[in-house]
Amino acid sequence: MSKINLTVNKKNYSVDVEPDTPLLWVLRDKLGLTGTKYSCGEGICGSCTVHIDGNAERSCILSAKDVEGSEITTIEGLAENPDHPIFKTWIELEVSQCGYCQPGQIMTLAAMLNKNASKAEIEREMSSVLCRCGTYHRIRKAVDKLVEDK
Amino acid sequence: MKNKQTRREFIKTVSVSGGGLILATYIPFNNLFAGTADDPKIFSPSVYLKIDSNGVVTVIVHRSEMGQGVKTALPMLIAEELEVDWEKIIIEQADADTKYGSQSTGGSTSVRRNWEPLRIAGATAREMLIIAAAKKWNVDKSECYAENGFVINKKSKQKFSYGELVEDASKLPVPQNVKLKDPKDFKLIGKRIHRVDTPDKIYGKAKFGIDIVIPGMYYAALSRCPSFGGKVKSFNADKAKQIKGVIDAVQISNGVAVIADSTWNAFKGRDELEIEWDFGPYANVNTDDIKNEMLKHIKEEGAEFESRGNIHQSIKGEKLIDAVYEVPFMAHAPMEPMNCVAKYENGKVELWAPTQNPQNAKSEVAKALGLSENDVTVHVTLMGGGFGRRLVSDFAIEAAEISKVSGKAVKLTWTRKEDIKFGYYRPPSMHVLKGSVSADGKPLKFYHHVIAPSIRQMRFDKNLTAEKSEIKEGTVDLEYQIPNLKVTGTLIPTHVPISWWRAVYNSQNPFAVESFIDELAYAAGKDLYEFRKQMLPEDSRLLNVMNIAVEKSGWNNRLPKGKGRGLAVSYGYESYCAQVAEVSVMNNKLKVEKYTAVIDCGVVVNPDIVEAQMEGAIAFALSAAMKGEITIKNGGVEQNNFDDFEILSYDEMPVVDVHIVQNNFKVGGVGEAGIAACAPALCNAIFAATGKRIRKLPVRLI
C-alpha cells in the first residue's frame, strides 16, 4: 500500500491504495463517489469519464498514481451547479433512460463545450460513449441545443 | 413497525424551477417522525399507497425501474385517481413480497397489468377520504369532492386536508367497486410528466445496485468455468491471497470467489486463482454444431402451429419463392454489469439486488441456501438497464452463497467480460419460408417453419412440445389475409443458457416474416405498401399505423440511387407498430438515416416515455441487426467486451420520428413493442437501396 494524494472536486484526499489501482475504483470504493460508473473496464465505453485538468478521460484505465497532482472533477463536482446548462437541457429533453451511462455522456460533453470544441470533435467524442438504452437520439438533440445556445 | 420504513432516508419529489422534478434525499425536518409516540398515523388502504397524518402521500412502486419509466408511470395511475399534488408524492421502491401481486418486470406488462389495480387503489383511498370528510361535516358524500390533496365541501367551501382525514378514514370499511375517473377528466394520464428519477441519475447521486455500500461490506469477484455446464475440480488460492487486500477465497456452486477490501483487489485476486476445471459435457460444442442442429430440420415440415387452406396444392399461374432466414445468439449487455450485495447472518439473508424479478430472486436464493423464503429479504435497486437479463436470479444466488460461505457481507461485481460470457442469451433461430403470389399480384400461399430452442423447454419444462412452446410468438395470428397458410415449428436443444431478451421470439420471427412478405411483394411486382394493404382488413389498427408511417415517412417520394426505404409492421404486447427505415449504402457502407415509427398502444399514460421506449427499442434492435453477435467456441462464449461484441454508437443512431396514435383502446405494452419491426424494416430498406436481400443477422454487406 502507498499513500496517494488526490484532488477531487477541489477537495484533497490522501488514500491508501496499491499504485496500480485505477482511479475509477479509488473514486467508487475509497471516496464513495459512485456517480462515476464502471461498465467495460477497458476504456471502450466511456461510462467512467471524469475530467483530469479539464480533459475528459476514462478513469477505468488511469492509475491513481498517474493523476496525483491533477485537478480531478467527477459528475458530483459538475453537479455542484445543478443549473449547469447540460443538466437543465438533459432534464428538459428527458434524455436519460436507465441513466447509468449518463454521467459519462455528460462529463464527455462538458469537457467539449468548455474548450469550444468543433462540431466534428464533439461528434467524434460523443460517438465513443456507449448507451444501451438508445438515448443517442435525445443526446443529439441536447448537444445541438447546447451548441446553438453557446 | 410499519412506520420504521418511513423514518429511513427516502426519496421525495420536490418541484424546482423550470417545471422539472428533482429527487432529493428527504430527511424529515419536524419532530413528528422522530419518536414512536409522535409517529404520524398511517392510512394505507392498499399495499401500493400510504397517506400519513401530515398529509404525506407515499406511493409504493412494486415493479423494477431499469430506464423504462415505471417509477414515474405507475405512480401517475394512483395519483390520477387520488387527486393529489403530483409534485408532493413520495415514491418508494417495494421489496420483494407476494402481497404486491407479480413483480416480474418483463413482457411489457407493468402499465397494462396495473392500469386497473393502481387506479382502483387511488380511487378507493380518495373515496374513503371523501366519506370521512362527509361524516365530519355531517353531509352526504355527494356534497364533497377531492382536489389537490383536500376534500372540499361543495356548498360551504370548507376543506380538510388529506392528513386531517387520515385517522377517520383508516377506521372506515374499504368500499368495493369504486367509480374510476372518466378518461376525459384525466389530469395526469396522457401528459408529458417529467421522470421522477432523472435529476438524481444525471447528478451522479442515484444508487444503482453496483453503488450500494452497507456497513462492514467486502468486495467479491467470481471465477466461473469458461464452458457452460462445467465445474470446479480443484483450486489453489495461494497466489490470489498474496494480492494485497485479498481476504479470502471460497468455492460456491458456480465457481470460486475472491473476497477483498476493494473491487479492484477482488478482480486482481480472482485473476490469480489457479483452478482446474472439469469443462463438462459440452466443452467441444461450437457455433457450427448448433447451426447444424437447426439445419437438420429445415427439410421437415415442423409441428403445426396454425393452418388454413392448403399450402401443398399447386395453383395455376402462381409464382413460387422460398428463403431461409437465420438469427444468432444475442447478449443483453446492459451498461451496468451484473452485481448484487448480500449479507448472510444467523440463518437469514438480506440482498440489495438490481433485479427485474424480485420474487424469483427471493425464492431462488431461499432454495439455494436452504432457507425459508421468510428469511430472505430482497431490496430492489435501480438498474443500469435490464432488457430481460435481470429476470434471471443467478447473480443474486452467487452473492448470497458467497456471503454464506465466507460469513461476510459482500458486494459481488461482475466484470464486463463476465457479463458478456456468462449471460442468458436470446436464442438463435432458423426460419424456412415458402410462398406464392398470383399473376395479378395477390398472395396465395405462406409457409413459415421456425426452428429454435425454447426458453421454457430448456429451463422449466423438459416435456414441452413445439406446439405448446413460445417459439411461435410473432408469427402466429398474423392479420394478413392469405388464403393458404401454414406456420410450424421445431424445437432444438442447446446447452447455452437462454432467456428472455427484449421481445425474444418477437424479435426473430417478425424479422423473417416481414422480410419474406417484402420478398413476396417484389415477386408480385407490387408496391411494398400496397401489397401489405390488400391483405389487411379496412378497420385494422395495424393498417392504420402502417398508413400513418407511410404518410409521415414520405414513402412515395423518390430517393436517389444508393438510398432505400423499408417498411415493416408488427403486433405484440397488445400494441401495433409500423416502421419505415431509410438507409443509404455507399461502397458497401451502410448508414441508417432515419426511422419513422408509429405505435398504437391504446390509452397513453405518458407520451414522452412511450416515445423514449420507441427510440430506445430501435437503437437496441439495430444493435442486434447490424452490430455484434454471440458465437460459441469450446462450449463457451467467444466474445469479451464492447470491442468484439459491438453495440450501436452515437454516430450510428438514425433520426427517429415517433408518432403515437391517440385513441381509448385498452392500454397496451410499450417496452418491447418497438423491437419487432426494426430489423425487417432495415433489411427491406437495404434491399431497396442495393438489391441485396439480407437473410442472416447481423447484416454483413461484404
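Letters A, B, ... are given to chains in the order of the sequence lines, protein chains preceding strands, and every chain is numbered from 1.
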Pick one of side chain, backbone, both or neither for [X], based on which atoms fall under 4.5 Å of a heavy atom in chain B.
{"X": "A:Lys30", "result": "side chain"}
{"X": "A:Arg28", "result": "side chain"}
{"X": "A:Glu92", "result": "backbone"}

Out of [options], return the one with the most heavy atom pairs under 4.5 angstrom to chain A.
{"options": "B:Arg502, B:Met383, B:His332, B:Gln68", "value": "B:His332"}
{"options": "B:Pro654, B:Gly385, B:Ala617, B:Gly384", "value": "B:Gly384"}
{"options": "B:Ala619, B:Gly616, B:Ser649", "value": "B:Ser649"}

Measure distances from [X] to the heavy atoms of chain A and classify the residue's part below 4.5 Å as side chain, backbone, both or neither.
{"X": "B:Glu646", "value": "neither"}
{"X": "B:Lys268", "value": "side chain"}
{"X": "B:Val213", "value": "neither"}
{"X": "B:Phe645", "value": "side chain"}
{"X": "B:Ala206", "value": "backbone"}

query: Applying a criterion of heavy atom separation less than 4.5 Å, what residues of residues 120-136 of chain A form contacts with chain B?
result: A:Glu123, A:Met126, A:Ser127, A:Leu130, A:Cys131, A:Arg132, A:Cys133, A:Gly134, A:Tyr136

- request: For the pair A:Arg140 and B:Asp651, find out whether any cationic side-chain nitrogen is under 4.0 Å from an anionic carboxylate oxygen.
  value: no

message: I'd like to know if B:Glu336 and A:Lys37 make a salt bridge, using a cut-off of under 4.0 Å between side-chain N and carboxylate O.
response: no

Taking [X] for its side chain and [Y] for its backbone only, find out whether a donor-acceptor pair lies under 3.5 Å.
{"X": "B:Lys201", "Y": "A:Cys98", "result": "yes"}
{"X": "B:Asn641", "Y": "A:Cys40", "result": "yes"}
{"X": "A:His137", "Y": "B:Val655", "result": "no"}
{"X": "B:His194", "Y": "A:Ile91", "result": "yes"}

message: On a heavy-atom basis, which atom in A:Ser39 and which in B:Pro337 lie closest, and how many Å separate them?
response: O-CG, 3.8 Å

Atom of B:Phe208, atom of A:Gly99 and distance for their closest heavy-atom approach: CZ-C, 3.9 Å

Gap between atom [atom2] of [Y] and atom [atom1] of [X] - 0.5 Å precision:
{"X": "B:Asn640", "Y": "A:Ile44", "atom1": "CG", "atom2": "CD1", "answer": "9.0 Å"}
{"X": "A:Asp20", "Y": "B:Asn265", "atom1": "CG", "atom2": "CG", "answer": "8.0 Å"}
{"X": "A:Cys60", "Y": "B:Arg416", "atom1": "SG", "atom2": "CZ", "answer": "11.5 Å"}
{"X": "B:Ile202", "Y": "A:Ile75", "atom1": "CD1", "atom2": "CD1", "answer": "7.5 Å"}

Are there more than 12 heavy atoms of other residues, nucleotides or ligands under 6.0 Å from atom [atom1] of [X]?
{"X": "A:Lys10", "atom1": "NZ", "result": "no"}
{"X": "B:Lys594", "atom1": "NZ", "result": "yes"}
{"X": "A:Lys119", "atom1": "NZ", "result": "no"}

- request: Begin from the C-alpha positions of B:Arg195 and A:Ser96 and carry the test side-chain hydrogen bond (donor to acceptor under 3.5 Å, both in side chains) through to its verdict.
  value: CA-CA 9 Å; B:Arg195 292 184 189 225; A:Ser96 172; over 6 Å; no

A side-chain contact here means heavy atoms from C-beta on lying under 4.5 Å apart; do [X] and [Y] qualify?
{"X": "A:Cys45", "Y": "B:Met335", "answer": "yes"}
{"X": "B:Trp264", "Y": "A:Val26", "answer": "no"}
{"X": "A:Val17", "Y": "B:Ser262", "answer": "no"}
{"X": "A:Ile139", "Y": "B:Tyr650", "answer": "yes"}

field: Parallel, tilted or perpendicular: rings of B:Phe267 and A:Tyr38 (30°, 60°)
entry: tilted

field: From A:Glu94, A:Gln102, A:Gln97, residue fulfilling side chain to side chain donor-acceptor pair (under 3.5 Å) relative to B:Thr198
entry: A:Glu94

- request: Start with the C-alpha gap between A:Arg138 and B:Asp608, add the side-chain angles, then the distance that decides, and say whether salt bridge (Lys or Arg N to Asp or Glu O under 4.0 Å) holds.
  value: CA-CA 11 Å; A:Arg138 294 191 188 200; B:Asp608 190 69; 3.1 Å; yes

